[in-house]
Trainee: 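A single structure is presented below for examination.
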Amino acid sequence: MSSSEDMKRAIQRAREAFQCGTTLSIDFRKRQLKALKRMYEENEAAFCSALAQDLKKPKQEAILLELNLLKDDITYILSRMDDWIKPEKIAPTIMTMFDQPLVYHDPYGVVLVLGAWNYPVQLALLPVSGAIAAGNCVIIKPSEVSPATAETIAKLLPKYLDKECYHVICGGIPETTELLKERFDYIFYTGSTAVGKIVRDAANKNLTPVTLELGGKSPVYIDDSVDMEVAVRRILWGKCINLGQTCIAPDYILCSKQLQDKFVEVARRVLEEWYGTNPKASPDLCRVINEKHVDRLSEYLKEGTVAVGGEVDREQLYIAPTILTDVSPKSKVMTDEIFGPILPIISVESAYEAISFINARDAPLTCYVFSTSSKQQQTFAQQVLSGSMCFNDCVVHFSIHDLPFGGIGNSGMGAYHGKASFDSFTHNKACLIRNYNKVAEMIGKMRYPPYSDTNTKR
Ligand code: NAD
């Protein structure tokens with residue numbers, strides 16, 4: 001746990017380092033990014049072990065969905081950041097033909113990054129590479145709910161990154177509350193919508209800009225044009241990674257009654273093929289983060305017919321991948337974000353009904369549509385308001401650097417990944433370099449008093 005003094009000292013040191021201009025050097029930023037990448041490469045085993053302790057995360061998921069993503073993001077940023085940082089020349093108009101309008105890409109200063117527990121390495125550190133590339137100093141607060149990972153980050157990061165510019169603060173809600181009383185130049189928060197509102201309230205005190213990466217219920221619509229075998233595998237993979245504790249996990253399915261029966265039949269077979277007849281014994285399934293969440297999720301199982309799965313072992317923090325049918329849209333499983341391995345199916349008769357269902361609720365972080373009809377795809381793209389949309393697969397859009405990732409409404413504000421991360425942590429400072437050209441001054445003279453009507457005539 002970091003004390004109040006630790007936090008204040010860390011912020012003070014970061015502020016002084018920023019004011020000295022340490023992070024303005026592009027070379028410095030690149031060295032820090034390379035060191036951060038080296039931290040992932042040299043400590044793969046330590047990170048995997050922490051993730052196994054916190055979530056029983058399989059090594060393959062830890063590498064694919066946390067460490068590789070972080071490394072690839074840095075490689076991508078390093079290959080493009082020179083272009084992103086360069087002041088951008090704006091084409092002159094007739095009024096500014098002798099001038100140079102420019103946009104400078106300035107860092108904000110000292111930024112706060114608050115991570116969440118479900119992908120605790122990735123969510124605490126992916127925003128950090130964008131913040132470093134943009135030239136900021138960073139205070140990082142990993143989630144206390146995944147303590148082994150928080151400790152690993154706190155132990156390793158100072159060994160690789162500049163000790164004045166970058167600091168890790170450890171602690172829970174009291175420490176975060178304390179941190180949020182301080183002034184930051186930008187706050188980047190990942191977590192629940194409820195806490196997102198607390199963060200925004202705290203930021204308002206200093207009019208600090210924020211990115212809020214929040215949650216929500218990401219729907220899946222399936223029509224009868226798809227290859228069900230492939231669709232089921234893609235949907236179940238998206239649901240089962242991290243045992244459903246993924247912000248963009250498919251939350252519920254909307255499809256016709258006939259497709260529902262087919263989905264359940266294929267899903268039962270696929271789950272057995274992946275995890276065996278006793279999925280609890282499979283090394284490829286994570287665990288629920290804690291008992292509180294097992295209890296919350298267990299309640300949802302009472303709200304429908306368990307078509308597949310349904311097993312709960314509170315002591316082992318285990319809930320089997322479960323498909324629920326006969327669920328009321330008003331039940332808690334259909335109003336709360338599930339954030340676990342339970343997948344309810346709601347019957348709808350048409351794409352139109354599915355769109356109405358989705359749009360009657362909070363805008364989701366992602367909307368998934370399984371359909372080969374481009375007309376159908378276009379209809380969803382135009383009519384559904386969501387943070388992102390992915391056709392015919394789940395989650396994979398997250399890994400495309402050039403796709404900005406973020407929510408809308410209750411699922412968040414702002415976006416990051418690749419260039420969008422750099423942009424999030426950058427203030428675009430408009431700048432005009434004027435000239436002393438005699439002709440330009442002759443034309444420009446009309447703005448000076450004494451005013452006359454002929455001067456304002458067009
Ligand atoms: P969490 O409990 O780890 O909280 C996230 C951060 O908020 C932590 O650093 C924690 O210390 C802080 N915090 C928690 N309660 C607080 C309070 N009362 N006051 C001040 N700070 C507080 O994570 P969580 O909120 O359980 O995360 C799960 C949610 O996050 C889900 O809704 C999920 O969809 C969402 N999420 C979103 C994304 C995304 O990229 N959009 C990614 C992962 C998770």
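What you are looking at is a predicted structure, and each value in this text was computed from that prediction instead of being measured. Remember, it's 1-based here, ligands and their atoms both numbered in the order they're listed.
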Trainee: Return the residue, atom name and 0.1 Å-rounded distance of the protein heavy atom closest to atom 18 (N) of ligand 1.
Mentor: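 Here the nearest protein heavy atom works out to Ile173 CG2, 3.6 Å.
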Trainee: What is the nearest protein non-hydrogen atom to atom 4 (O) of ligand 1, stated with its residue, atom name and distance?
Mentor: Tyr189 OH, 4.0 Å
Trainee: Short question: side chain of Asn43, backbone of Ala46 - any donor-acceptor pair under 3.5 Å?
Mentor: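 Side chain of Asn43 to backbone of Ala46: no pair is present.
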Trainee: Would you mind finding which of Glu144, Lys217, Lys197, Gln122 brings a heavy atom closest to atom 10 (C) of ligand 1?
Mentor: Glu144
Trainee: Quick one: which ligand 1 atoms are inside 4.0 Å of a heavy atom on Phe405?
Mentor: 40 (O)
Trainee: Walk me through whether Lys217 and Asp336 qualify under salt bridge (Lys or Arg N to Asp or Glu O under 4.0 Å).
Mentor: CA-CA 8 Å; Lys217 291 178 81 63; Asp336 294 350; over 6 Å; no
Trainee: Tyr119: heavy atom below 4.0 Å from ligand 1, yes or no?
Mentor: no
Trainee: With side chains defined as the heavy atoms from C-beta onward, is the minimum distance between Glu164 and Glu16 less than 4.5 Å?
Mentor: no
Trainee: Tell me which one of Ala194, Gly406, Gly191, Gly412 gets a heavy atom nearest to atom 29 (C) of ligand 1.
Mentor: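 Result: the heavy atom closest to atom 29 (C) of ligand 1 is in Gly191.
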Trainee: At a non-hydrogen distance cut-off of under 4.0 Å, which region of Ile198 contacts ligand 1 (side chain, backbone, both, or neither)?
Mentor: side chain
Trainee: May I ask you to identify the nearest protein heavy atom to atom 24 (P) of ligand 1, giving residue, atom name and distance to one decimal place in Å?
Mentor: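 In this structure, atom 24 (P) of ligand 1 has Trp117 NE1, 3.6 Å as its nearest protein heavy atom.
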Trainee: Please work out which of the three classes, parallel, tilted or perpendicular, describes the rings of Trp84 and Tyr76, given edges at 30° and 60°.
Mentor: tilted
Trainee: Check ligand 1 against Val145 and write out every atom of the ligand that is under 4.0 Å from a heavy-atom position of the residue.
Mentor: 2 (O)
Trainee: Evaluate the criterion ring pair (Phe, Tyr, Trp, His ring centres under 6.0 Å) for residue pair Phe391 and Tyr368; output intermediate values, then yes/no.
Mentor: CA-CA 6 Å; Phe391 296 98; Tyr368 297 113; 9.8 Å; no
Trainee: Heavy atoms only, cut-off 4.0 Å: how does Leu123 contact ligand 1, side chain, backbone, both, or neither?
Mentor: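 Under 4.0 Å from ligand 1, Leu123 contributes side-chain atoms alone.
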Trainee: Mind checking whether Glu337 contacts ligand 1 via backbone (N, CA, C, O), side chain (CB onward), both or neither, at a 4.0 Å heavy-atom cut-off?
Mentor: side chain
Trainee: Enumerate the atoms of ligand 1 whose separation from the nearest heavy atom of Leu365 is less than 4.0 angstrom.
Mentor: 41 (N)
Trainee: Give yes if a backbone or side-chain nitrogen or oxygen of Thr193 is under 3.5 Å from a nitrogen or oxygen of ligand 1, and no if not.
Mentor: no
Trainee: List the closest protein heavy-atom neighbour of atom 21 (N) of ligand 1: residue, atom name, distance to the nearest 0.1 Å.
Mentor: Thr176 CG2, 3.2 Å
Trainee: With the threshold set at under 4.0 angstrom, would you say Gly115 reaches ligand 1 through any of its heavy atoms?
Mentor: yes
Trainee: Tell me which protein heavy atom sits closest to atom 39 (C) of ligand 1, plus the residue, atom name and distance to 0.1 Å.
Mentor: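 Residue, atom and distance for the closest contact: Cys247 SG, 3.4 Å.
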Trainee: Do me a favour and list the nearest non-hydrogen protein atom to atom 28 (C) of ligand 1 with residue, atom name and distance?
Mentor: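 Sorting protein heavy atoms by distance from atom 28 (C) of ligand 1 puts Phe339 CE2, 3.8 Å first.
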Trainee: For atom 13 (N) of ligand 1, what's the nearest protein heavy atom and its distance?
Mentor: Val195 CG1, 3.7 Å
Trainee: Taking the six-membered ring for Trp, is the centroid-to-centroid distance between Phe339 and Trp117 below 6.0 Å?
Mentor: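 Aromatic pair counts; centres sit under 6.0 Å.
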Trainee: Heavy atoms only, cut-off 4.0 Å: how does Asn118 contact ligand 1, side chain, backbone, both, or neither?
Mentor: side chain
Trainee: Kindly give the heavy-atom pair with the smallest separation between Tyr160 and Glu42, and that separation in Å.
Mentor: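 Scanning both residues completely, I find the closest heavy atoms to be OH-OE1, 2.7 Å.
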Trainee: May I ask you to identify the nearest protein heavy atom to atom 25 (O) of ligand 1, giving residue, atom name and distance to one decimal place in Å?
Mentor: Ser192 N, 2.9 Å
Trainee: Can you pull out every salt bridge (Lys or Arg N to Asp or Glu O under 4.0 Å) where at least one residue sits in residues 46-58? Sequence neighbours excluded, please.
Mentor: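 Every salt bridge (Lys or Arg N to Asp or Glu O under 4.0 Å) pair that includes a residue of residues 46-58, provided the two are not neighbours, is Lys57-Glu66.
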Trainee: Given side chains that start at C-beta, do those of Phe380 and Tyr221 come closer than 4.5 Å, heavy atoms only?
Mentor: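 Heavy-atom side-chain distance check passes, below 4.5 Å.
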Trainee: Name all residues meeting the side-chain contact (heavy atoms from CB on, under 4.5 Å) criterion together with Ser388; count only those two or more places apart in sequence or in a different chain, and write none if there are none.
Mentor: Thr366, His397
Trainee: So do Leu180 and Ile187 actually touch side chain to side chain, heavy atoms under 4.5 Å?
Mentor: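 Yes. Closest side-chain heavy atoms under 4.5 Å.
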Trainee: Do His417 and Phe398 have their ring centres less than 6.0 Å from each other?
Mentor: yes
Trainee: Just do the side-chain contact (heavy atoms from CB on, under 4.5 Å) check on Leu157 and Leu36 with the steps written out, would you?
Mentor: CA-CA 8 Å; Leu157 196 123; Leu36 191 59; 4.2 Å; yes
Trainee: Distance under 4.0 Å to a non-hydrogen atom of Ser143: what atoms of ligand 1 satisfy this?
Mentor: 1 (P), 3 (O)
